[in-house]
Amino acid sequence: MLRAWLLDVSEDLDSKIPSVLIWVIKEDGSRTALRANYCPSIYLVGENEEKKINDLVKIFSDKIIDAEVKNAKLRGKEVRAIKVKLNSTDVESLGERISKELKLKAYNYDLRYTTKFWIENKIEPSTWYEFIEENIDNTIKVDISTAKKLDKNKPKLKVVSFEAVYFSEKGTPRADRDPVVVIALCSNEGYKKIITGKENEILSTFCDEITKIDPDVIVGFKNNQVHWNYLLKRAKINSVKLKVGRNQSEIHQSIFGHFSIQGRINIDLFDLVKETPEVKLESLEEYAEFLNIKVNYTTVDEFELPEQWKSKSEDVKNFCLGRAATILEIYNSLEDYIFELSKITSLPADQVLVASAGFRVENYLMKKAEEVGELIPERKEIVHESYQGAIVRTPISGLHENIAVVDFKSMYPSLMIKHNISFDTIVENGERAPGLNFGFSKERGFLPMALVDLIEERDRIRRSMREVKEDSTEYKVLDSRQRAVKIITNAVYGYTGWAGARWYAREVAEATTAWGRLTITNAINEAEKLGLSVIYSDTDSLFVSYKKDKIEKFLDWIRDELSLEAKIDKIFLRVIFTEAKKKYAGLTEDGKIEFVGLEAIRGDWSAIAKEVQSKVIERILRTGSRDEGLKELNEYIDLLKRASIDVKKLIIWKQITKPIEEYEATAPHVVVAKYLIKSGWKVDPGDKVGYVVVKGSGRIYTRVKPYFEVKLEEIDWQYYIENQVIAACERILEAVGIDVRKVGKYKQSRLFT
DNA sequence: TGTAGGCACACGCCAAATCCTCT
DNA sequence: AGAGGATTTGGCGTGTGCCT
């Protein structure tokens, strides 16, 4: 018996019959690749199965192992399908050819060989398994059908983080021109190294060190987007092979821009920062701060890197090493989450972070489909029809006291279960979804089944969490797992309304929101009937006056009459609403101020505007006095009039969301982006551009500059007072009855110019 | 290789309205 | 007084980032 933890799988190119290399960590701690034969299967559906099987065997005799008729489910309906076991790893193109030739619809075919490996064999990555092994000429071979899942903790992984610095005189470094000058490495066994010197030596030392450490995981920041590409090109120029994989293999780019390293897991923390909405600028340092990880190096801005390298190269080296160390530390705090997400979705750890929410859900559903014999439909382009979403009530504006926020617990998943909403249960007779001309049958659907499993799994995890100490490793692992499960659960509804989904079903998404609207409307009416005034509501939440016994009754009613669960999410001692939806700020029982939707938490407002708005709101909420808010604003206006604010606080950051030439309107951030591109900087979709508004007349886009080129004297303070600070505060103050344009320092501020 | 829809808000764009200057 | 250019006004579209 061989026990091993599964890292990743790659195709075994040395084998004549379709085979995989399963990269594992064995129980004794050794790292190796297990060889296993695996012939993938596809399904064909259509008329005359028996005859078609004969044709199949005739035409594709060398490409198939066998074919037999089996029962399967197609959108819940029992069908007869030909299961074809292929003697090839080229599943998609062979599947297509067979389907075309025999005029049969193919299923489970447009998937990569390695993806099929996990799904079809019901094997999960990042998990312990037991296999029956056979040793043949120094390689270990296993029989997949003997795989037995073991419940055992993840082994300690060897991890290396790295960071690289490239030198360019001006602008973004270009791989065809600008060299690598530093690479820093850190391992989780305490190893640290700064590699500098001649470029070819840097590159080969980098590979040698990786080989020596032999890590299971290589982690970086923007390594998929920037580093691997860059290092590969520099390696080519220097005639060095970038051998960082196991078996001395080179790194290679896989289909969707992500890089794979044989036998190791390549992780890019940038993928994680992108799904962390609290981190606005998506920088490594901001991410570290968010995770409470101390950064102990001086950040070198990319615009000052060339100068710094020429004058104080030691600082740059330390910066590089510092970043590598921070990358490792961040990775450590997120490792459990990454591998739990990998397990639950059956996507190997180095793919799960690259995959977007839709693909994670889909992979999970494909795994479930295999369990129940549901065929996996092909991915196809579909014209998406938009549908009605949730209800958002206009808030009662002003300063409120003692408000409870009541939330439905996972409303959409619960409704999908309650009404059996699924792509395989849609019917046109019987009970209909509110306002729609179709409904859902009673027989348990595929999606509700998957959701019940997910919810039960999460409940199980949360129960086990209660049995272990809160500061234990086990607790953290369980917590990561329940978070991973929750994310998948909540994304299922959205998945069904995604045009790219294999199981796209607009009706499902539409019915879910329809029942959601009915549910919240009924709940609002009931709350008011019980004497709770509802001041605001969005999708599945209600803001009501905090009257304990009435709320208890209300929650009981939801449980008994709606068969749904709701809870008091939080209580605001004070809360401010303007007239706008989705924007408010409140003081909670534990003395914290929470901002929702307001400029104070938006990434596209200047720091000064955000600071003043939060201070103004905080003062009003803490004191309960509106005049205190005005005082705060006046103090700041004085500072701005004296130009006594750090330029950094005036930067406005905005994302470039598409190729620059596709912009129709002349927006300030686009003008700056174009200027940057002209000066040799690379600005790609997804990048953030930081600009400052300077003095002048006319359109704003005619007087914006990149933040690093702005001098104190040119700043348009009037703009910042009017369009940033006052703009962010006036709606708040207006909501509590103060007209900023009539009182306070505003008039005086106009004299400024 | 994009979970969904609902929403606020700044600013550019464009045409109409209004203002202003000059003959 | 009236022509005609300059400037302001207001509605609408673009663009970004937020909420649940």
Side-chain angles (χ1 to χ4, degrees), chain A residues 112 224 254-258 271 274-275 277-278 280 347 351-365 379 381-382 384-395 405 407-408 410-412 487-501 503-506 508-510 512-514 516-517 520 536-542 569 578-584 595-605 609 652-658 662-671 688-689 693 697-702 704 719 722-724 727-728 730-731:
Chain A
R112 272 182 288 168
N224 281 338
S254 54
I255 317 173
F256 301 113
H258 129 269
D271 293 324
K274 275 187 292 186
E275 54 190 87
E278 293 88 344
K280 308 290 176 190
L347 285 161
Q351 279 174 43
V352 72
L353 296 187
V354 185
S356 57
F359 289 92
R360 291 177 192 170
V361 170
E362 187 154 274
N363 225 69
Y364 172 79
L365 292 178
R379 185 182 301 291
E381 289 281 312
I382 272 172
H384 175 63
E385 280 175 61
S386 198
Y387 58 91
Q388 201 183 341
I391 293 177
V392 190
R393 263 212 176 184
T394 303
V405 183
D407 272 358
F408 279 88
S410 3
M411 186 196 242
Y412 286 168
I487 283 175
I488 300 298
T489 314
N490 290 342
V492 170
Y493 146 72
Y495 170 83
T496 64
W498 169 42
W503 282 290
Y504 170 74
R506 200 206 68 247
V508 167
E510 202 178 7
T512 307
T513 56
R517 291 191 298 274
I520 197 76
Y536 177 61
S537 160
D538 184 352
T539 312
D540 62 351
S541 69
L542 300 97
D569 183 49
T578 67
E579 278 162 14
K581 298 167 178 180
K582 298 184 186 281
K583 290 183 173 219
Y584 55 90
F595 297 96
V596 177
L598 292 163
E599 289 77 4
I601 56 157
R602 288 179 65 98
D604 58 348
W605 282 72
I652 296 166
W653 290 93
K654 277 197 163 76
Q655 196 187 169
I656 295 298
T657 58
K658 54 186 171 188
E662 282 176 25
Y663 279 94
E664 287 179 43
T666 320
H669 71 296
V670 178
V671 172
K688 315 251 176 185
V689 170
V693 178
S697 61
R699 301 283 188 214
I700 290 163
Y701 68 76
T702 63
V704 284
Y719 173 84
E722 293 249 1
N723 299 41
Q724 289 279 314
E730 70 173 333
R731 283 180 289 265

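Order of the sequence lines fixes the chain letters, A, B, ..., with proteins taken first and strands second; residue numbering starts at 1 for each chain. Reckoned from all heavy atoms, side chains included, excluding hydrogens, waters and symmetry mates.
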Without decimals, in angstroms, what is the distance between A/I520 CD1 and B/dG5 C1'?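 Whole-Å distance recorded here is 16 Å.
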Tell me: NE2 of A/H669 to C1' of B/dA10, nearest whole Å?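 In whole Å, B/dA10 C1' lies 12 Å from A/H669 NE2.
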Is the ring centre of A/Y493 less than 6.0 Å from the ring centre of A/W498?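 No, ring centres 6.0 Å or more apart.
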Base, sugar-phosphate alone, or nothing: which one does [X] contact when heavy atoms must sit under 4.0 Å apart?
X: A/R699; answer: base
X: A/W503; answer: nothing
X: A/Y412; answer: nothing
X: A/N490; answer: nothing
X: A/I601; answer: sugar-phosphate

Only counting residues at least two apart or in another chain, list the ones meeting ring-ring contact (aromatic ring centres under 6.0 Å, His included) with A/Y701.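 With neighbours one apart ignored, the set is empty.
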Does a side-chain heavy-atom distance below 4.5 Å link A/K280 with A/W653?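 With C-beta onward as the side chain, the pair stays apart.
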Taking for each residue the nucleotide of DNA chain B bearing the nearest heavy atom, is the 5' side occupied by A/T496 or by A/E579?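 Its nearest nucleotide being more 5', the pick is A/T496.
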Pair A/I520-A/S537, side-chain contact (heavy atoms from CB on, under 4.5 Å): steps then yes or no: CA-CA 8 Å; A/I520 197 76; A/S537 160; 3.6 Å; yes
Donor-acceptor pair under 3.5 Å, A/K581 side chain vs B/dC7 base: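 No, no donor-acceptor pair under 3.5 Å.
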